[in-house]
Number of protein chains: 2
Amino acid sequence: MAERVTAGQGGESLLFLTDEQLRKGIEAMFFAYRGFTADPDRILAKHGYGRAHHRAVHFVNRSPGTTVNNLLDILGVTKQSLNRVLRTLIADGLIESRVGTRDKRERHLYLTEAGVELEQALSEAQRRRMRQAFRDAGPEAVAGFKQVLEAMMDPEPRRQFNRMKDGS
Amino acid sequence: MAERVTAGQGGESLLFLTDEQLRKGIEAMFFAYRGFTADPDRILAKHGYGRAHHRAVHFVNRSPGTTVNNLLDILGVTKQSLNRVLRTLIADGLIESRVGTRDKRERHLYLTEAGVELEQALSEAQRRRMRQAFRDAGPEAVAGFKQVLEAMMDPEPRRQFNRMKDGS
DNA sequence: ACATTAAGTCAGCCTTGTTGACTTTCCAAG
DNA sequence: CTTGGAAAGTCAACAAGGCTGACTTAATGT
């Protein structure tokens, strides 16, 4: 089996990574991400929602009272795209939008009771899979998993990721 | 900091995983996957293609001569969805579709020279990021990363993933 | 007073999923 | 041998959810 190795740019490292090893990593991400989203997707479909709604609900739950602009930064989508999703969630009574007290231009977003309920259902499904995977793989593997994922992020999302470690 | 822990279904395990730990895993997947797809997305955009084209090119390169049906199984999308992408790739001369010799209903798919070129550009971008992440995290972390991802897949994709380890 | 900012809206586009209906080809049972 | 179903692929039409651009409204800060 011919193992062609592409040149590593910059200072040659200590680790020898074949293209084949890297490709397996790439495919692992592809298949794992599909599994990762499969359970919530089923729940969302019942409600007539998509992944966009899930992301919105997740991060509003994560940072209650967050503003629209804040959410835009986190999700990395356009205002118009988020707005469509947000509008339906507000209309359906899952998210509440309160005018800011200090700055009345801002809208602060909160999950309603129904919103919390959906978020619970979605995240519990996802946690279940994550928990199972973590248990199957063991604590050392979990540490490695997190390390690699963090190293794979772009700098700005990584900052957000770490900032969110300790609450809003 | 209140750490609520949801009940682990089934036999209580040795690992205590808080909801907070699991949620960090979930967010890590979200942000990392975005980084993972960012580089190829930029290249694809220049050619007027999307992720669907990338996936098709990737797996045709991976298993030259594969049939449409085969690809369907791997990608987990509908025939019609794949077909649209495939049609443009064939029209643009990146993929060649040969009628099967044994079974003339089947179409066997191959990358043309131009197809190989695009695949190289895409996968090299992705490999670069993966390589960097792997190096930053170290070999032990990489092993853990793979273990957890594999554990996160649904059984059928996992089978495909492992089957592809040693070539088509 | 005026420029800037946050939020929201409308119109229109693209990609990529979906379902349903269809053709061509193959194979197996009568 | 023929014929009827199954399998592979194709075409048409629709929906979700991205995107850009132009614009309004309201509040803020200079």
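Below, chain A is the first sequence line, B the second, and so on; all start at residue 1.
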Discussion item. Using 30° and 60° as the class boundaries, would you call the ring planes of A/Phe31 and B/Phe161 parallel, tilted or perpendicular?
Written reply: perpendicular
Practice prompt. Choose from D/dG18, C/dA7, D/dG9 the nucleotide whose nearest atom is closest to any side-chain atom of B/Asn69.
Written response: D/dG9
Worksheet item: Would you call B/Arg23 and B/Glu27 a salt bridge, taking side-chain N to carboxylate O under 4.0 Å as the test?
Response: no
Worksheet item: Salt bridge between A/Asp19 and B/Arg127, side-chain N to carboxylate O under 4.0 Å?
Response: yes
Practice prompt. Mind checking the CZ-NE2 spacing from A/Phe59 to A/His54? Nearest 0.5 Å is all I need.
Written response: 9.0 Å
Discussion item. Using a strict heavy-atom distance below 4.0 Å, which residues from residues 73-85 of chain B are in contact with DNA chain D?
Written reply: B/Lys79, B/Gln80, B/Asn83
Item to complete: Would you kindly give the CZ-to-C1' distance between B/Arg55 and C/dT16, to the nearest whole Å?
Response: 8 Å
Discussion item. Closer than 4.0 angstrom, basic N to acidic O: yes or no for B/Asp41 and B/Arg34?
Written reply: no
Worksheet item: So, B/Asn162 versus B/Glu150: side-chain donor-acceptor pair below 3.5 Å or not?
Response: yes
Worksheet entry | Close residues, residues 86-108 of chain B, relative to DNA chain D [heavy-atom separation under 4.0 Å] | B/Arg87, B/Arg105, B/Glu106, B/Arg107
Item to complete: Let me know the distance between CG of B/Leu71 and C1' of C/dT16, rounded to the nearest Å.
Response: 15 Å
Discussion item. Check this one for me: any side-chain N or O of B/His53 less than 4.0 Å away from OP1 or OP2 of C/dT15?
Written reply: no
